[in-house]
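Being a predicted model, the structure only gives us computed values, none of them experimental. Labels below follow one simple rule: chain letters A, B, ... track the order of the sequence lines, proteins then strands, and each chain is numbered from 1.
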Amino acid sequence: MANNEKNEEGKKKSLNFIEQIIEEDLSKNKNGGRIHTRFPPEPNGFLHIGHAKSICLNFGLAGKYNGKTNLRFDDTNPLKEEQVYIDSIKEDIHWLGFDWEGREYYASDYFERLYEFAEKLIKQGKAFVCEMTPDEIKNSRGTPTEPGKESPYRDRPVEENLDLFRRMKEGEFPEGRYQLRAKIDMSSPNMHLRDPVLYRIRHMAHPRTGDEWCIYPMYDMAHGQCDYIEGITHSLCTMEFEVHRPLYDWLLDHIAEGDYRPRQIEFARLNLGYTVMSKRKLLQLVEDGTVDGWDDPRMPTISGLRRRGYTPASIRDFSERVGIAKRDNIIDMALLENSLREDLNKKAQRVMGVLDPVKVVITNYPENEEEELDAVNNPEDESMGKREVPFSREIFIERNDFMEEPPKKFFRLAPGREVRLRYAYFITCEDVVKDASGEITEIRCTYDPSSRGGQSPDGRKVKGTLHWVSAKHAIPVEVRQYDRLFMTEDPDKVDEERKDFRANLNPDSLHILENCMLEPFIKDAKPEDKFQFERKGYFCVDRYCDPHKKLVFNRTVTLKDTWAKIAKQQKQQPKKQKNKQKNK
RNA sequence: UGCCCGAUGGUGUAAUGGCAACACGUCUGACUCUGGAUCAGAAGAGUUUGGGUUCGAGUCCCAAUCGGGCAGCCA
């Protein structure tokens with residue numbers, strides 16, 4: 001045992017670049033050896049899988065290095081921020097399995113301190129009150145290749161700046177009349193150093209501070225300073241903030257006292273194939289009704305994944321597997337699904353459910369008889385026990401589990417062929433009944449009574465095993481089958497033909513099946529309960545479904561389907577043969 | 001003809017100057033009362049390109065190319 005543990009430790013996983021920085025800082029006893037991270041969402045939308053990566057990173061690092069993680073809402077722009085988002089963000093983080101241990105902070109908690117910091121900058125001659133219009137500022141900023149021009153108000157005396165800034169705070173001026181700007185370098189090649197705006201006037205009630213303030217700090221003025229106030233040591237953000245880092249450091253160098261400094265480190269945001277990740281675009285889909293809200297099961301939001309049936313453990317595992325680096329990436333959905341299946345396979349209760357039912361009559365089974373058969377709840381976990389499944393003369397099987405003219409390698413039911421009904425009997429197809437349009441309405445079979453439980457005493461084998469539901473006992477439910485939201489791997493990639501990312505939407509991302517039949521075991525299912533429908537996939541009871549009415553299931557993910565792959569290949573085969581013949 | 005960041009199998013991540021590794025995906029095969037799971041195996045990159053330093057470079061240096069970011073009183 002001890003050896004094994006040693007070996008496990010010996011296989012130490014390599015560190016990602018942030019862990020390397022942290023361990024280096026630790027070895028130098030920087031900031032007294034403290035590790036303190038933060039997760040800083042702006043409450044202007046729901047969290048998505050990309051945020052999940054960041055949450056797992058920040059909380060994970062703190063866990064690993066015996067540190068702490070704060071939750072901090074970056075609520076400096078009352079124009080876009082709302083309480084509903086704050087509530088959803090907190091719920092999502094908890095659901096994911098992380099806890100900020102009461103350290104729930106808001107940038108708005110620090111408005112007073114931030115104001116003092118701003119005055120400090122003014123007194124040092126490092127900030128000035130500017131009265132250019134937005135257009136004037138824009139025009140004087142220059143371009144990435146040309147330097148900007150200095151504001152005519154740049155050399156306003158300190159006392160005047162202080163007076164004006166105080167009066168801005170007192171609400172003496174209309175929006176846009178004045179703004180506080182840092183005095184850095186209008187010819188800097190870094191646009192963010194060209195006298196960036198630090199404070200703007202906004203006569204607008206804030207969700208938390210109400211009418212107390214009418215000036216609000218900009219992101220750069222707030223973020224690093226909040227990190228500093230909270231004692232954050234490693235401030236992790238995505239790559240687009242890299243160019244802000246010189247400003248982050250500049251502000252702190254003029255504001256902070258002592259040796260302690262938070263350090264900003266950037267990493268690449270996560271991108272998933274066949275979906276979009278920007279909050280703006282997700283909001284658009286919500287607002288134009290493309291999806292059924294932020295938590296639509298097709299959305300890459302945490303609440304969407306939750307409603308779809310994803311587990312917190314699977315998302316955490318995924319976040320671990322995608323790794324941390326600085327390069328752009330588009331991660332294959334298959335990786336997410338792999339984490340999911342791995343988790344669900346171990347945990348999910350198995351159940352039999354027929355999604356597209358066709359009736360099978362077992363002609364030699366007594367008319368009014370029925371019986372209970374033993375079924376395993378989860379072959380991966382014996383402790384989950386067994387259940388009884390009712391069997392009778394008429395059952396449903398999956399329509400596509402039968403073919404009148406079966407192609408090669410089709411192991412399921414066909415005329416004259418014998419298959420196993422899972423946990424029940426061997427049956428042999430004797431006849432097929434069709435309606436006027438040629439659709440199969442009934443399959444007539446005989447069963448072998450000696451094969452009860454699923455094995456024949458003579459030891460003969462069958463190639464296929466089908467799931468089934470006793471017609472008389474079946475519980476009808478609705479099943480919503482989801483597919484990828486977009487048809488292209490990178491929906492953001494648009495051209496003249498597809499000007500908007502929504503042109504890449506998948507028109508068949510939702511397919512509703514109204515008439516699915518489940519075994520009676522399902523009758524006590526509650527919202528968010530998860531099941532494996534054997535041979536079909538993982539399904540969960542919709543979060544908002546009323547279990548006293550018809551149950552609604554969301555298909556979380558299919559099982560890996562080898563037959564689907566074979567069938568696809570066979571579909572392509574005939575073409576090849578035709579071509580060959582042509583060539584001859 | 002600005003500044004910053006990046007470039008390693010199909011995808012993602014490692015290799016920290018010394019045999020390019022792991023995961024997902026793909027393909028075989030075994031096993032199987034889920035065409036699932038599991039197990040065994042295989043294919044697949046010589047690290048964007050060109051120079052340089054070095055006994056030795058994916059790793060260090062220079063240049064080019066390509067991709068991304070930066071010109072909100074958004075974050």
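- For B:A75, the base is not stacked against the aromatic ring of A:Tyr219, per a cut-off of 5.5 Å between centres and 30° between planes.
- Cation-pi geometry between A:Arg387 and A:Phe521 is met: under 6.0 angstrom from the ring centre, within 45 degrees of the axis.
- If you find the closest nucleotide of RNA chain B to A:Gln20 and to A:Pro379, the one lying nearer the 5' end belongs to A:Gln20.
- Between A:Arg341 and B:U34, a side-chain N or O to OP1/OP2 separation shorter than 4.0 Å is absent.
- Computed from coordinates, the A:His206 NE2 to B:A75 P distance equals 10 Å when rounded to whole Å.
- Checking the phosphate oxygens (OP1, OP2) of B:C70, no side-chain nitrogen or oxygen of A:Arg194 falls inside 4.0 Å.
- Note on A:Lys560: a side-chain N or O is less than 4.0 Å away from OP1 or OP2 of B:G25.
- Taking 4.0 angstrom as the limit, A:Arg412 places none of its side-chain polar atoms (N or O) nearer than this to OP1 or OP2 of B:U34.
- In this structure, A:Ser451 reaches neither bases nor backbone, as no heavy-atom distance under 4.0 Å exists between it and the strands shown.
- Rounded to whole Å, the distance from CD on A:Gln179 to C1' on B:G72 is 12 Å.
- Which of B:G35, B:G2, B:C73 sits closest to the side chain of A:Pro189 comes down to B:G2.
- Side-chain proximity of A:Glu380 to the nucleotides B:C74, B:A37, B:G35 is greatest for B:A37.
- For the pair A:Leu270 CG and B:U11 P, the interatomic distance rounds to 16 Å; values are reported in whole Å.
- As rounded to whole Å, 13 Å separates atom P of B:U34 from atom CG of A:Asp401.
- With a 6.0 Å radius and a threshold of 12 heavy atoms from other residues, nucleotides or ligands, A:Arg269 has its CZ atom at or below the threshold.
- Distance from the side chain of A:Thr562 is smallest to B:G35 among B:A14, B:A37, B:G35.
- Closest to the side chain of A:Asp74, out of B:C73, B:A75, B:C74, is B:A75.
- Applying the 90° cutoff around 0 to the glycosidic angle, B:G41 is assigned anti.
- Closest to the A:Val197 side chain, of the nucleotides B:G2, B:C73, B:U16, is B:C73.
- Judged purely by atom type and a 3.5 angstrom limit, A:Ser470 has no side-chain atom pairing as donor or acceptor with the backbone of A:Phe391.
- Residue A:His244 has its side chain nearest to B:A75 when only B:G6, B:G12, B:A75 are considered.
- Nucleic acid contact for A:Phe241: base, since at least one base atom lies under 4.0 Å from a heavy atom of the residue.
- Relative orientation of the A:Tyr106 and A:Phe73 rings is parallel, given thresholds of 30° and 60° on the angle between their planes.
- Nearest nucleotide to the A:Val243 side chain, out of B:G69, B:G36, B:G10: B:G69.
- Ring to ring, A:Tyr219 and A:His223 are close: their centroids are under 6.0 angstrom apart.
- By the rule that a glycosidic angle within 90° of 0 means syn, B:G72 counts as syn.
- Relative to the side chain of A:Arg350, the nucleotides B:C74, B:U13, B:U34 differ in distance, and B:U34 lies closest.
- Rounded to whole Å, atom C1' of B:C73 lies 13 Å from atom CG of A:Asp220.
- Ion pairing of A:Glu242 with A:Lys326 is present here, as a side-chain N (NZ or NE/NH1/NH2) and a carboxylate O approach within less than 4.0 Å.
- Residue-level contact check: A:Asn190 touches neither bases nor backbone, having no heavy atom under 4.0 Å from any strand.
- The side chain of A:Asp328 sits closest to B:G68 out of B:A14, B:U34, B:G68.
- Rounded to an integer number of Å, the gap from CD of A:Gln532 to C1' of B:G36 is 6 Å.
- Base contact: A:Arg327 has a heavy atom under 4.0 Å from a base atom.
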